[in-house]
Engineer: 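Right, I'll just put the structure down here and ask away after.
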Amino acid sequence: MSAETTQIDGNEYTKVAETDEIENGRGIAVEVDGIEVAVFNADGEFYAISNRCSHQHAPLCKAGEKKINADHTWTESRGGVNAEECTVSCPWHLWEWDLETGENEASGQRIATFDVAVEDDNVYVRV
Ligand code: FES
């Protein structure tokens, strides 16, 4: 099955979800043209960023999820979206990534971010 695409401002975008499929404060993982992307909903604003943290490659889409620990205890949530700061913190070691620029200020590292468009309750990403 081919991905649903649309032209927006002369660029091709790929549909990744409907808006109500990405809960506020959470993310999903999608693959667009072979690239693993995490798409987050931060208070109704949608952001697309590489799904892999550059530290030890944790999947950023898991930010804010319940997590099992090494001693088989559970942490209710680990990492997550901060809509006010427009960041997501990694679920593994809490590095904080700017959802607009892909920067982690503490390390000086940057991961890829992608353009997002919302039309007719559909979320589109351009890689
Ligand atoms: S893997 Fe993301 S902070 Fe370590």
Engineer: Checking E85 now: which residues fulfil salt bridge (Lys or Arg N to Asp or Glu O under 4.0 Å) with it, not counting sequence neighbours?
Structural biologist: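 Partners of E85 under the salt bridge (Lys or Arg N to Asp or Glu O under 4.0 Å) test: none.
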Engineer: Keeping D71 on the side-chain end and T73 on the backbone end, is there a donor-acceptor pair under 3.5 Å?
Structural biologist: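 Looks like yes, one N/O pair under 3.5 Å.
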Engineer: Keeping the roles fixed (side chain from R110, backbone from E103), state whether a donor-acceptor pair exists under 3.5 Å.
Structural biologist: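 A pair under 3.5 Å: no.
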Engineer: If only atom types and distance count, is the side chain of N51 paired as donor or acceptor with the main-chain N or O of L60 below 3.5 Å?
Structural biologist: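 At least one qualifying donor-acceptor pair exists.
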Engineer: So, R126 and E12, do they make that salt bridge, N to O below 4.0 Å?
Structural biologist: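 Result for this pair is no, no salt bridge flagged.
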Engineer: For a 4.5 angstrom cut-off between non-hydrogen side-chain atoms, does E36 reach R52?
Structural biologist: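 SC-SC contact between E36 and R52 confirmed.
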Engineer: Within 45° of the ring axis of W74 and under 6.0 Å from its six-membered ring centre, is that where the NZ or CZ of K67 lies?
Structural biologist: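 Cation-pi check for K67 and W74: fails.
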Engineer: Do S77 side-chain atoms and K66 backbone N/O form a donor-acceptor pair below 3.5 Å?
Structural biologist: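 Pair absent, no side-chain N/O of S77 close to backbone of K66.
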Engineer: Considering residues at least two apart in sequence or located in another chain, which fulfil the side chain to side chain donor-acceptor pair (under 3.5 Å) criterion with D43?
Structural biologist: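 N24.
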Engineer: Please check if I49 and V39 belong to a single hydrophobic cluster, counting links between Ile, Leu, Val, Met, Phe, Trp and Tyr side chain heavy atoms closer than 4.5 Å.
Structural biologist: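 No, because I49 and V39 fall into different hydrophobic clusters, even though each may have its own neighbours under 4.5 Å.
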Engineer: Would you call the rings of H55 and W95 parallel, tilted or perpendicular if under 30° counts as parallel and over 60° as perpendicular?
Structural biologist: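 Geometry flag for W95 against H55: parallel rings.
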Engineer: Given side-chain contact (heavy atoms from CB on, under 4.5 Å), test V16 with Y124 step by step and report yes or no.
Structural biologist: CA-CA 6 Å; V16 294; Y124 294 91; over 6 Å; no
Engineer: So, N41 side chain and G44 main chain: donor-acceptor pair closer than 3.5 Å or not?
Structural biologist: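 Yes, because the side chain of N41 sits within donor-acceptor range (under 3.5 Å) of the backbone of G44.
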Engineer: Answer yes if I22 and V81 sit in the same cluster of Ile, Leu, Val, Met, Phe, Trp and Tyr residues linked by side chain heavy atoms under 4.5 Å apart, and no otherwise.
Structural biologist: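 No; tracing contacts between hydrophobic side chains, which count when under 4.5 Å, never links both residues.
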Engineer: Decide whether I28 and V88 are clustered together by the hydrophobic rule: side chain heavy atoms of Ile, Leu, Val, Met, Phe, Trp, Tyr closer than 4.5 Å, transitively.
Structural biologist: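 Different clusters.
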Engineer: Please determine, by modelled atom types, if N69 and T75 share a side-chain donor-acceptor pair under 3.5 angstrom.
Structural biologist: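 Distance-only check passes for N69 and T75.
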Engineer: Pairing donors with acceptors under 3.5 angstrom, does anything connect the side chains of S54 and Q109?
Structural biologist: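 Yes, side-chain donor-acceptor contact under 3.5 Å.
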